[in-house]
Novice: 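Pasting in a structure now, in structure tokens, and then I'll have a few things to ask.
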Amino acid sequence: PSLSRVRILQGQGDALYAVRRYDEALSRFQEALELQPENYQLWVLHGFCLAALKCFEASIVSFNQALSRCQDYALAWHGKGHSLAKLSQYEEAASHLQQAVRLNRLDKTAWHNLGTVQNNLGYYKAAIASFDQSLMLNPRDHRAYYSQALALCGLQRYENALQVLQKALRLKPCSHYIWNQRGTALM
């Protein structure tokens, strides 16, 4: 009976998370964890709810709970890396996100988040490579093109940055921040 109750609570939590009702989703995941505290996937969902609520330190505790139960769960590494980045702990975030993409090379969001962290650290060549991976998995991601252009600007490769920004603008022509970066690259 508790397993089916856990599944119901997880399904409710997933649905509430999808419609951005994070407090309610969190309570469902907490209730499910009371019934099944060894479920590492529930700990990750719990962590992502906390991160969505901007409770990044608490989310890291949840991701650590997941990792203590399953060391090779890529989404736990990804979630912890994302939360560490939100706390401006970029070096540690980068190592967690690198582990996430080692475990799941098809996680386009982890690649994007890794590239963003690498940009913040000034590792522009590595960031460009991470955004290449993200764009290979999702070639319609205007944000990845934009972020890759930031890395190119960091390397003072302005012509290349303008070409990449043009790709972003084809996907999102009314995006003010892309136009702003284009103007910066032209200066």
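Starting from 1, each residue takes its place in the sequence as its number.
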Novice: Can Leu50 be reached from Phe63 by stepping across I, L, V, M, F, W or Y side chains whose heavy atoms are under 4.5 Å apart?
Specialist: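 Result: yes, single cluster for both.
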
Novice: State, without any angle test, whether Gln99 and Arg102 hold a side-chain donor-acceptor pair at a distance under 3.5 Å.
Specialist: yes

Novice: Write down the atom of Val164, the atom of Tyr145, and the distance for their closest heavy-atom approach.
Specialist: CG1-O, 3.0 Å

Novice: Examine distances only and state if a side-chain atom of Thr184 and a backbone atom of Asn180 form a donor-acceptor pair shorter than 3.5 Å.
Specialist: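 Yes.
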
Novice: Taking atom types as modelled, is there a side-chain donor on His46 or Ser62 under 3.5 Å from an acceptor on the other?
Specialist: yes

Novice: How close do Phe29 and Gly13 get, heavy atom to heavy atom, and via which atoms?
Specialist: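 Shortest heavy-atom contact: CZ-C, 3.3 Å.
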
Novice: Quick check: does any side chain N or O of Ser59 sit under 3.5 Å from a backbone N or O of Phe56, one acting as donor and the other as acceptor?
Specialist: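 Checked: pair present.
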
Novice: Can you give me every donor-acceptor pair (side chain of residues 64-81, partner residue at least two apart or in another chain, under 3.5 Å) with its distance?
Specialist:
residue, atom, partner, partner atom, Å
Asn64, OD1, Lys80, NZ, 2.7
Asn64, ND2, Ile60, O, 3.4
Gln65, OE1, Arg69, NH1, 2.5
Gln65, OE1, Arg69, NH2, 3.3
Ser68, OG, Gln65, O, 2.8
Arg69, NE, Pro37, O, 2.9
Arg69, NE, Glu38, OE1, 3.4
Arg69, NH1, Gln65, O, 2.9
Arg69, NH2, Pro37, O, 3.3
Gln71, NE2, Leu67, O, 3.0
Trp77, NE1, Gln71, O, 2.7
His78, ND1, Asp107, OD2, 2.9
His78, NE2, Asn113, ND2, 2.9
Lys80, NZ, His96, NE2, 3.4

Novice: Would you name the heavy atoms of Ala185 and Leu162 that are closest together and state the gap between them?
Specialist: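 Smallest interatomic distance, heavy atoms only, reads CB-CD2, 3.7 Å.
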
Novice: Tell me if a side-chain donor or acceptor on Ser147 pairs with a main-chain N or O of Ala144 at a distance below 3.5 Å.
Specialist: no

Novice: Do Lys108 and Asp141 come close enough that some side-chain heavy atom pair is under 4.5 Å?
Specialist: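 Not in contact.
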
Novice: Please determine whether side chain to side chain contact (heavy atoms under 4.5 Å, CB included) holds for the pair Tyr17 and Phe48, giving the CA-CA distance in whole Å, both sets of side-chain angles, and the decisive distance to 0.1 Å.
Specialist: CA-CA 9 Å; Tyr17 185 92; Phe48 274 111; 4.0 Å; yes

Novice: Do you know which two heavy atoms are closest between Ala168 and Tyr146, and how far apart they sit?
Specialist: CB-N, 4.2 Å

Novice: Between Leu33 and Trp43, is a side chain to side chain contact (heavy atoms under 4.5 Å, CB included) present by the stated rule, with each step listed?
Specialist: CA-CA 7 Å; Leu33 282 166; Trp43 280 110; 3.6 Å; yes

Novice: Do Phe131 and Val117 share a hydrophobic cluster (ILVMFWY, side-chain heavy atoms under 4.5 Å, transitive)?
Specialist: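 Each belongs to a different hydrophobic cluster.
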
Novice: Below 4.5 Å, heavy atoms only, C-beta onward: do Val101 and Gln133 meet side chain to side chain?
Specialist: no

Novice: Going by heavy atoms in the side chains, are Arg143 and Tyr177 under 4.5 Å from each other?
Specialist: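 Contact flag for Arg143/Tyr177 side chains = yes.
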
Novice: Tell me, do Tyr22 and Leu16 make a side-chain contact under 4.5 Å, heavy atoms counted?
Specialist: no

Novice: Which heavy atom in Leu169 sits nearest to a heavy atom in Ser175, and how many Å separate them?
Specialist: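 So the minimum-distance heavy-atom pair works out to CD2-O, 4.4 Å.
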
Novice: Going from CD on Glu24 to SG on Cys49, what distance comes out if it is rounded to the nearest 0.5 angstrom?
Specialist: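 Glu24 atom CD to Cys49 atom SG measures 10.5 Å (nearest 0.5 Å).
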
Novice: Are side-chain heavy atoms of His82 and Thr116 found at a separation under 4.5 Å?
Specialist: no

Novice: Same cluster or not: are Tyr40 and Val6 linked, directly or through other Ile, Leu, Val, Met, Phe, Trp or Tyr residues, by side-chain heavy atoms under 4.5 angstrom apart?
Specialist: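 No, separate clusters.
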
Novice: Quick one: pull up CG in Leu84 and CD in Gln89 and give me the separation to the nearest 0.5 Å.
Specialist: 5.0 Å

Novice: If we ignore hydrogens and angles and just use 3.5 Å, is the side chain of Asn119 paired with the main-chain N or O of Ala127 as donor and acceptor?
Specialist: no

Novice: Step by step, work out the side chain to side chain contact (heavy atoms under 4.5 Å, CB included) result for Trp179 and Arg182.
Specialist: CA-CA 5 Å; Trp179 282 105; Arg182 188 173 185 278; 4.1 Å; yes

Novice: Using the side-chain hydrogen bond (donor to acceptor under 3.5 Å, both in side chains) criterion, which residues pair with Gln41? Sequence neighbours excluded.
Specialist: none

Novice: Could you tell me which residues satisfy ring pair (Phe, Tyr, Trp, His ring centres under 6.0 Å) with Tyr123, sequence neighbours excluded, listed by chain and number?
Specialist: none

Novice: Can Leu9 be reached from Leu26 by stepping across I, L, V, M, F, W or Y side chains whose heavy atoms are under 4.5 Å apart?
Specialist: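 No, separate clusters.
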
Novice: Treating Ile, Leu, Val, Met, Phe, Trp and Tyr as nodes and any side-chain heavy-atom pair under 4.5 angstrom as an edge, say whether Met136 and Leu106 lie in one connected cluster.
Specialist: no

Novice: When rounded to the nearest 0.5 angstrom, what distance separates CD in Gln10 from CG in Leu45?
Specialist: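 Reported value, rounded in 0.5 Å steps: 5.5 Å.
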
Novice: What I'd like to find out is whether the side chain of Glu31 reaches to under 4.5 Å of the side chain of Arg5, using heavy atoms alone.
Specialist: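 In contact.
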
Novice: Evaluate side chain to side chain contact (heavy atoms under 4.5 Å, CB included) for Leu121 paired with Gln118, printing each intermediate quantity in order.
Specialist: CA-CA 5 Å; Leu121 289 167; Gln118 290 164 328; 5.5 Å; no

Novice: Please round to the nearest 0.5 Å and tell me the distance separating atom CZ of Arg7 and atom OG of Ser4.
Specialist: 8.0 Å

Novice: Is there a side-chain contact between Tyr90 and Glu92 in this structure, where contact means two heavy atoms from C-beta onward sitting under 4.5 Å apart?
Specialist: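 Tyr90 does not reach Glu92 side chain to side chain.
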
Novice: Does a side-chain heavy-atom distance below 4.5 Å link Asn138 with Arg140?
Specialist: yes

Novice: Would you compute the distance between atom CD of Glu159 and atom CG of Leu186 and round it to the nearest 0.5 angstrom?
Specialist: 8.5 Å

Novice: Distance from Lys125 atom NZ to Ser130 atom OG, nearest 0.5 Å?
Specialist: 14.5 Å

